[in-house]
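Each chain gets a letter, A, B and so on, in the order its sequence line appears, and its residues count up from 1. As the structure is a prediction and not an experimental result, all values here were calculated from the model.
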Amino acid sequence: MSESRELLALRSVSKSYGQVPVLHGVDLSIRDGEFLAVLGPSGSGKTTVLRLIGGLESVSSGAIYLDGRDISAVPINRRPFNTVFQDYALFPHMSVAANVGYGLSVRGRPKAEIGKKVAEALDLVQLGAFANRQPAQLSGGQRQRVALARALICEPRLVLLDEPLAALDLMLRRQMQEFLKSIQREIRTTFLFVTHDQEEAIALGDRICVMEGGYIRQIGTPHTLYYRPNCPFVARFFGDNNLVPGTLGAVDGDLRAIDTALGRLVCSTGGDTALMQAPEGTAAFAAFRPEALRPAVEDDVNRFSGTLSEISFHGAATIAHVATTPGDVRLRLRLASQVEGIALGEGETLALGFSPAQSHLVLA
Amino acid sequence: MTASLRPASLFLALVTALVGIVLYCPLLVPILSSFFTVTHGQADWSSPTFAAYVALAQNDDILSALRATMIVGFSTVVLSVSIGTLLALYHNGRGAGAALLQFLVFLPFLMPPIITGLALLIFFREVEFPRSLVTVVIGHTVFVLAIVYRTVLTRLRSLSKTLVEASLDLGASRWQTFWRVILPNIAGAMAGGAVLAFALSFDETMITILVTGTTSTLPVRLWAMMRLGFSPDINALVALVLMFTILLCILAARLLMPAKDRAAH
């Protein structure tokens with residue numbers, strides 16, 4: 001996947017609505033054939049990115065390139081991309097077949113060809129028997145699949161999906177995630193998928209682009225983002241990390257010390273040169289996941305005591321809030337519910353620790 | 001079922017009944033008496049007859065008034081539906097000055113008709129535009145434009161904005177999008193607006209009296225006849241106008257009902 005060529009690129013793309021900037025000089029490269037998830041909270045600019053690529057909005061500055069050619073000025077109806085809208089946007093006065101065939105019909109393709117391709121597209125989304133229904137007669141999941149078939153029939157270079165699963169219930173959403181992924185593999189078309197749900201982004205994306213406040217914070221595989229977040233926002237939004245602020249200390253191989261309210265901690269830099277080369281005293285965060293935090297063992301370098309509160313049982317795991325001594329830092333702790341010899345109780349104080357390998361540093 | 005027994009529902013039913021009795025029951029008198037001969041103010045209840053209707057059909061004044069009403073009605077519909085739809089499309093596309101536009105469109109509808117009529121009359125006189133059915137059509141169009149505009153705009157607003165985006169996204173031109181996506185979805189509202197516009201034009205009297213030339217429309221004719229008292233042919237005319245108006249209202253209500261509800265019925 002990493003060797004595949006670039007299909008689409010955004011170069012310093014900015015967008016403002018009147019005086020309100022929503023996107024600040026974004027650079028993004030989309031590879032041919034990949035499933036790219038754009039993840040961010042509402043107001044992060046992720047939908048704007050999709051609308052700019054689709055041609056529903058025009059860029060305020062910067063440019064969008066397709067196969068290296070600037071397409072910023074190409075109008076929406078001449079861009080070889082198709083969109084699956086959040087509300088599906090099926091034409092209510094047309095049958096399912098007419099909806100799916102619309103893209104070919106407006107291009108003046110012959111009826112026989114349209115009929116054949118509509119049947120193929122409906123078979124692909126497993127709705128072959130529904131061709132003559134009206135959109136109002138379909139369930140949410142079925143409408144979603146019609147919208148997908150309608151977008152795919154024009155054989156777009158890139159399919160844009162604007163939170164298409166947001167309106168579905170959890171069970172259906174899981175099914176549709178698998179379905180989308182399998183269709184994308186089958187037709188080998190590039191998908192750009194916008195979502196605010198990190199689990200969905202992990203389930204679908206070959207790569208994930210995390211956005212916040214009109215900036216792209218990090219782009220990488222789900223694995224990279226999960227284990228090597230590059231900023232406090234990604235660490236918090238993507239992995240639910242505990243973040244303890246501090247200042248960087250001495251480097252020791254792949255590890256580096258950080259002075260925090262919990263005392264001196266030792267965390268992994270993951271070999272990141274920016275982290276290794278940052279001068280001592282630089283502001284940073286020690287980041288570790290709730291499941292990395294555990295009762296202390298004999299040779300823990302990262303060791304402190306914590307008082308438990310708000311213990312909640314989540315089946316396989318139990319989650320608790322921890323107030324540390326020293327520092328009174330608030331952390332989250334996630335333990336397997338059944339651990340030999342440990343009974344968690346509110347107000348209980350115990351020695352806690354985490355291994356440097358299961359932590360990392362993030363520059364502030 | 002239990003809902004209909006609640007006090008609020010009972011009260012509502014009572015008010016409805018009262019409105020019916022006070023407003024519309026009196027109309028039964030001319031309708032009933034249109035089927036009987038009246039001599040010296042006394043109806044002869046023994047022999048029902050269609051004589052009044054036959055007389056009406058042979059009354060050239062009435063027939064020419066009816067023809068004028070139809071011409072004015074249809075012309076008004078064509079003009080108000082085209083202009084009203086265009087304005088609604090412009091407004092919905094968030095064209096500049098939408099609020100001002102809405103105000104201007106609604107002004108003649110909310111103003112007393114006599115003001116609108118007088119204003120038009122003075123205008124036509126000042127620009128030396130001869131008064132005729134053309135001026136009546138202009139007057140009616142100005143008056144009913146708001147209805148068509150509002151009906152179409154409401155339907156446009158209820159359409160998801162993404163429908164237009166989806167159409168363009170799938171490669172359609174703006175023109176194709178209008179014909180294939182927007183128009184089919186607002187056609188019902190346009191037809192409903194047209195029927196309402198026709199109904200309003202059909203019984204518009206005040207503006208018509210002020211701006212018409214020598215030709216009378218049906219309500220103007222009716223009004224002139226009523227000054228001499230209620231004759232059987234007036235009764236017959238009232239009955240026919242009432243029936244026609246009720247039909248138009250039913251038609252408009254059906255057309256304006258959202259497609260979703262219609263499918264469910």
Taking everything shown except [X] itself, do over 12 heavy atoms lie less than 6.0 Å from its [atom1]?
X: A:Asp169; atom1: CG; value: yes
X: A:Arg107; atom1: CZ; value: yes
X: A:Tyr17; atom1: OH; value: yes
X: B:Met190; atom1: CE; value: yes

Practice task
Could you have a look at A:Pro156, A:Pro92, A:Gly55, A:Ala147 and say which one has the most heavy-atom pairs with chain B under 4.5 angstrom?
Solution key: A:Pro92
Which answer fits [X], side chain, backbone, both or neither, if we ask what part of it has an atom under 4.5 Å from a heavy atom of chain B?
X: A:Arg150; result: both
X: A:Phe81; result: backbone
X: A:Ile153; result: neither
X: A:Phe85; result: side chain
X: A:Leu56; result: side chain

Handout entry: Interatomic distance, B:Thr162 atom OG1 to A:Tyr88 atom OH [nearest 0.5 angstrom]
Key = 11.5 Å
Exercise for the section: Supply the atom-to-atom distance B:Leu159 CG to A:Phe91 CZ, rounded to the nearest 0.5 angstrom. Expected result: 11.0 Å
Exercise for the section: Apply the test side-chain contact (heavy atoms from CB on, under 4.5 Å) to residues B:Arg180 and A:Tyr102: give CA-CA distance (whole Å), side-chain angles for both, the deciding distance (0.1 Å), then the verdict. Expected result: CA-CA 9 Å; B:Arg180 292 182 173 222; A:Tyr102 187 81; 3.9 Å; yes
Handout entry: Those residues of residues 115-125 of chain A, ordered by number, that approach chain B below 4.5 Å (heavy atom to heavy atom)
Key = none
Handout entry: Under 3.5 Å: donor-acceptor pair, side chain of A:Asn77, backbone of B:Ala172
Key = yes
Exercise for the section: Answer yes or no: is there a donor N or O on one side and an acceptor on the other, between the side chain of A:Asn82 and the main chain of B:Asp169, under 3.5 Å? Expected result: yes
Exercise for the section: Compare every heavy atom of A:Asp87 with every heavy atom of B:Ser160, then report the nearest pair and how far apart it is. Expected result: OG-OD2, 2.8 Å
Practice task
Over all heavy atoms of both residues, which pair between A:Val106 and B:Gly171 is shortest? Give the atoms and the distance, please.
Solution key: CG2-C, 3.9 Å
